[in-house]
Amino acid sequence: MAKALIAALIPVIFTIMFGFFSGYIKSFDKKVPAILNMVVMNYALPLSLFFALNQMPKEKIFANWRIVMWEFVMMVGWWFGVYFFSKYVLRSSTILSIIRALALSTPAILFVGPALLTPLFPGNAAIAISIGGLMLNAVQLPLTMLALTLATIKKTDNLLVNVGQVVINGLKKPVIVGAFVGLVTALLGWRLPALAAPTFEELGKAAAGLGLFSIGLILWFNKPSFSGIVWFDVIVKELVMPLSVMVIMMLCGESRMFINEMTMTMMISQMIFPTIFSQQYGEGEQEMPSAMFLTTIGSFFALMCFIILRGISL
């Protein structure tokens, strides 16, 4: 088991640290992570998700409806929970509370998931990652962008036009289109030939590798701080949130393996989008990259402890 655990986690850690090291030796400038993320989100990942869903038997898709339900409940429920706690208990600004809600409720499943979850849960990882990507791009990001728009909109602006544009932009994202087309073709039985598998598998590896490398670069360019609020973010993201998910699912009578998969999914470190929003809106500019740095490190220790304590076999 120790060898299997190392085999699952070391590639993730090494790729992130390699990206961090490349920033240290000044191989790239600050513009490169944005370019890498564009390649991942607009090209490699959409095609990879499309093929993964396209090849999935429709019986299996219907059988995994619980993944859709639980990921929606967990991600949206925690978004609102963190927002209200940050706004009314921590007394943070509306903008910062919105950004923090996205940071703590959304795991980096599109970047870390393919490299980490696939060897742990080969049967369900593809659909869990695909649904997580849909939830992020079709629900979490539009919800966050809509909330930010409402928080910053001027009374003279056209509210309906602004809200409509946010929704349209969210639905036009390549990740959503790729996953949606893959899902529809799978349900219709229009599968691509198996001969295409090696090509799309390479795209999947590229998406995972570039995404992890980009995280390492971002961590280098945004030097972390270790303030109280940053540690609060880390504790909530890596401990409070996953444990609450596990307890609720246990009370609902879900299977042990399914609980493990969903808990580990939510234990993955936070996405890069809160860092982007914090720079765009000028709030939480130090907190977000610092929290991402610590949750990236903390998630590995948390995942290893969880795997050992729950007796997950690889």
Side-chain angles (χ1 to χ4, degrees), residues 9 12-13 15-17 19-20 23 33 74-93 95-113 115-117 132 136 140 144 211-212 214-248 260 262-279 283-310:
L9 293 179
V12 177
I13 299 173
T15 308
I16 291 176
M17 296 309 297
F20 188 88
M74 291 185 296
M75 293 168 69
V76 175
W78 266 97
W79 192 100
F80 282 102
V82 172
Y83 169 77
F84 286 117
F85 187 87
S86 177
K87 173 75 173 173
Y88 297 107
V89 178
L90 298 181
R91 301 292 183 181
S92 300
S93 69
I95 297 292
L96 182 55
S97 297
I98 294 169
I99 296 173
R100 191 177 287 144
L102 177 66
L104 301 187
S105 66
T106 309
I109 190 170
L110 292 178
F111 288 84
V112 182
L116 181 63
L117 295 181
L136 168 66
Q140 296 289 83
T144 301
L212 295 172
S214 172
I215 289 177
L217 274 175
I218 291 172
L219 294 179
W220 167 255
F221 288 123
N222 297 276
K223 300 300 187 294
S225 72
F226 302 97
S227 63
I229 191 61
V230 171
W231 283 110
F232 167 83
D233 292 348
V234 174
I235 292 171
V236 170
K237 182 73 186 72
E238 298 304 322
L239 185 62
V240 178
M241 182 179 172
L243 286 178
S244 70
V245 169
M246 184 175 70
V247 170
I248 292 172
N260 290 342
M262 290 295 98
T263 303
M264 292 179 69
T265 296
M266 302 311 293
M267 203 176 283
I268 293 173
S269 61
Q270 68 185 54
M271 282 290 287
I272 63 170
F273 295 108
T275 297
I276 296 173
F277 284 134
S278 67
Q279 294 172 351
E283 295 203 37
E285 293 173 280
Q286 189 72 17
E287 176 188 346
M288 290 303 115
S290 300
M292 190 176 80
F293 176 83
L294 288 177
T295 57
T296 299
I297 297 174
S299 64
F300 296 127
F301 290 102
L303 285 165
M304 290 176 68
C305 291
F306 184 80
I307 288 171
I308 294 171
L309 292 175
R310 294 285 287 180

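Being a predicted model, the structure only gives us computed values, none of them experimental. Sequential numbering from 1 along the given sequence is applied to the chain's residues.
Glu285 is linked by a side chain to side chain contact (heavy atoms under 4.5 Å, CB included) to nothing, counting only residues two or more places apart in sequence or in another chain. Residues satisfying the ring pair (Phe, Tyr, Trp, His ring centres under 6.0 Å) criterion with Phe20, sequence neighbours excluded, are Trp220.
Leu96 contributes atom CG, which lies 9.0 Å from atom CG of Leu90 (distance to the nearest 0.5 angstrom). In this structure, the separation between SG on Cys305 and CG on Leu239 is 10.5 Å, given to the nearest 0.5 Å. With rounding to the nearest 0.5 Å, the separation of OG in Ser86 from CZ in Phe232 is 7.5 Å. Within the model, atoms CG of Asn260 and CZ of Phe306 stand 4.5 Å from one another, a figure rounded to the nearest 0.5 Å. The CE atom of Met74 sits 11.5 Å away from atom OG1 of Thr106, with the distance rounded to the nearest 0.5 Å. Atom CD1 of Ile218 and atom CE of Met288 lie 14.0 Å apart (nearest 0.5 Å).
Counted by atom type alone, Glu283 and Ser93 present one or more donor-acceptor pairs between their side chains at under 3.5 Å. Between the side chains of Thr295 and Ser269, no donor-acceptor pair of N or O atoms lies under 3.5 Å. A side-chain donor-acceptor contact under 3.5 Å links Trp79 and Thr144. For Gln140 and Ser105, the side-chain atoms include at least one donor-acceptor pair closer than 3.5 Å.
Residues Phe85 and Val236 form no side-chain contact, since every pair of their non-hydrogen atoms from C-beta on lies 4.5 Å or further apart. Between Val230 and Phe226 there is no side-chain heavy-atom pair separated by less than 4.5 Å. No side-chain heavy atom of Ser299 sits under 4.5 Å from any side-chain heavy atom of Ile268. Within the 4.5 Å cutoff, no side-chain heavy atoms of Met241 are placed close to those of Met267.
Across Gly284 and Pro289, no two heavy atoms sit closer than the pair O-CD, 4.1 Å. The shortest heavy-atom contact between Ala103 and Pro274 is CA-CG, 3.4 Å.
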| Does the pair Ser227 and Glu287 meet the rule for a side chain to side chain contact (heavy atoms under 4.5 Å, CB included), with working shown? | CA-CA 8 Å; Ser227 63; Glu287 176 188 346; 6.0 Å; no
| request: Could you walk me through whether Met266 and Met75 pass the side chain to side chain contact (heavy atoms under 4.5 Å, CB included) test, one step at a time? | output: CA-CA 8 Å; Met266 302 311 293; Met75 293 168 69; 3.9 Å; yes
| said: Let's go through Ile98 and Lys87 carefully: what are the C-alpha distance in whole Å and the side-chain angles of both, what is the deciding distance for side chain to side chain contact (heavy atoms under 4.5 Å, CB included) to 0.1 Å, and is it a yes or a no? | reply: CA-CA 9 Å; Ile98 294 169; Lys87 173 75 173 173; over 6 Å; no
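Every pair passing side-chain hydrogen bond (donor to acceptor under 3.5 Å, both in side chains) that includes a residue from residues 230-245 is listed here, sequence neighbours excluded: Trp78-Ser244.
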